[in-house]
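Presented below is the structure to which this report refers.
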2 protein chains.
Amino acid sequence: MTQVHCTRAQTAVLQVLQQQREPISAQALYTLIKQQQRIGLATVYRALDALKRMGQVQHRVTLTGETLYNAVEQDRHYMTCLDCGQSFPLNTCPLKGLELSLKHSSSFTIYYHTLEFFGLCEPCSVQGG
Amino acid sequence: MTQVHCTRAQTAVLQVLQQQREPISAQALYTLIKQQQRIGLATVYRALDALKRMGQVQHRVTLTGETLYNAVEQDRHYMTCLDCGQSFPLNTCPLKGLELSLKHSSSFTIYYHTLEFFGLCEPCSVQGG
DNA sequence: CCTAGAAATGATAATCATTATCATGACGGG
DNA sequence: CCCGTCATGATAATGATTATCATTTCTAGG
Ligand SMILES: [Mn+2]
Ligand SMILES: [Mn+2]
Ligand SMILES: [Zn+2]
Ligand SMILES: [Zn+2]
């Protein structure tokens with residue numbers, strides 16, 4: 001059975017995530033939460049996983065293999081340079097409409113999506129390319 | 001300076017990738033290539049990285065943290081279940097048009113994109129959800 | 001064709017984010 | 001208040017990826 005209310009850890013994780021402007025890593029989250037309450041790193045990971053399955057939190061993976069998390073309300077996407085690794089945010093989500101129509105047409109329950117463009121930023125494409 | 005032609009490893013990696021129907025991991029690629037020529041795992045990773053920077057190969061990261069690679073021509077996307085981890089392919093890429101227009105409007109050189117929906121597949125949403 | 005410097009390679013060790021384990025603590029119904 | 005269940009924290013283990021470094025392969029001259 002799905003749990004009825006959030007655990008202490010889940011509450012803390014979600015609250016901190018909702019305060020962030022940008023997606024952050026589990027480790028960073030751990031550091032932030034620890035300033036306010038006793039918590040273990042494993043618990044942060046467990047809470048993130050649970051919140052993902054509840055459709056409250058989404059994730060993306062950086063080029064360095066770090067997973068970043070954010071609240072689903074924050075529907076942000078990036079163009080990421082394969083050379084220097086920098087990420088440049090898009091102004092808007094190009095999938096607003098599509099996701100809605102998919103939610104109806106499919107038997108799959110969609111919670112969130114990831115969309116990211118990869119290539120070379122201007123400086124990097126000028127020099128190395 | 002950008003190298004002019006592909007190295008032996010890059011050629012092998014790209015050739016094998018183009019034969020695949022689905023994205024595969026670096027380790028799997030390593031196993032496949034080793035059947036035909038002497039190669040090291042590190043070299044496979046190096047070739048994949050180089051091919052990515054050339055816009056020939058793209059990547060995505062599974063829920064288990066494995067990175068999968070495929071030739072860019074193969075523009076495939078998935079809906080992935082956060083519970084059982086299964087991935088269900090989409091019929092078409094919903095971004096065909098958008099990517100083209102972005103390629104012109106932006107100073108960022110786009111090589112490829114990733115798009116993935118996450119949620120619960122029907123079986124999983126019935127039981128656990 | 002031969003040679004020296006540069007680039008690529010393979011074997012191996014090291015890294016490090018994430019997971020698994022397990023003993024302990026909190027919780028909720030009876 | 002008591003017991004079974006779930007949550008938690010500390011710590012060890014995992015495993016994909018990366019760094020290292022000695023060796024081999026290329027390449028551009030000569
Ligand atoms: Mn979006
Ligand atoms: Mn696509
Ligand atoms: Zn760049
Ligand atoms: Zn499922």
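Order of the sequence lines sets the chain letters (A, B, ...), proteins ahead of strands, with each chain counted from 1. Remember, it's a predicted structure, so these values are computed and weren't measured experimentally.
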Atom-to-atom span, OH of B/Y30 to C1' of D/dT18 - whole angstrom
15 Å

Output yes when at least one side-chain N/O atom of B/H5 is less than 4.0 Å from OP1 or OP2 of D/dT27, else no.
yes

Whole angstrom is fine here: how far is it from CG in A/L41 over to P in C/dA17?
10 Å

Any side-chain N or O of B/T7 less than 4.0 Å from the OP1 or OP2 oxygen of C/dA7?
no

Please tell me if A/R38 has a side-chain N or O lying less than 4.0 Å from either OP1 or OP2 of D/dA10.
yes

Rounded distance in Å - OH (B/Y69) to P (D/dA16):
12 Å

Closer than 3.5 angstrom, by distance alone: can the side chain of B/H77 be matched with the main-chain N or O of B/L115 as a donor-acceptor pair?
yes

Could you say whether B/I39 or B/T64 is positioned toward the 5' end of DNA chain C, judged by the nucleotide with the nearest heavy atom to each?
B/I39

Starting from the 5' end of DNA chain D, give me the residue, B/Q27 or B/R8, whose nearest nucleotide shows up first.
B/Q27

Spacing of A/I24 atom CD1 relative to C/dA17 atom C1', expressed in whole Å:
15 Å

Should we count CD of A/Q74 as having more than 12 external heavy atoms under 6.0 Å?
yes

Check the distance between C/dA17's C1' and A/R60's CZ and give it to me in whole angstrom.
16 Å

Cation-pi check for A/Y78 against A/R60: NZ or CZ below 6.0 Å from the six-membered ring centre and within 45 degrees of the axis, yes or no?
yes

Pair of N/O donor and acceptor under 3.5 Å linking D/dG9 base with A/R46 side chain
yes

Rounded distance in Å - CD (A/E66) to P (C/dT15):
18 Å

Let me confirm one number: the OG-CG distance from B/S125 to B/L120, rounded to the nearest 0.5 Å.
6.0 Å

Looking only at side-chain N and O atoms, does A/T43 come under 4.0 Å of OP1 or OP2 in D/dG9?
yes

Does B/S25 make a side-chain N or O approach to OP1 or OP2 of D/dA16 shorter than 4.0 Å?
no

Expressed in angstrom and rounded to an integer, what is the separation of A/Q37 atom CD from D/dT8 atom P?
9 Å

Atom CG of B/L63 and atom C1' of C/dA17 are separated, to the nearest Å, by 16 Å

Counting just side-chain N and O atoms, does B/Y45 come under 4.0 Å of either OP1 or OP2 of D/dT17?
yes

Can you tell me if B/T67 touches the phosphate of D/dT17, counting only side-chain N or O atoms and a distance under 4.0 Å to OP1 or OP2?
yes

Which one of B/H59, B/K52, B/E99, B/Q58 satisfies the side-chain hydrogen bond (donor to acceptor under 3.5 Å, both in side chains) criterion with B/Y112?
B/H59

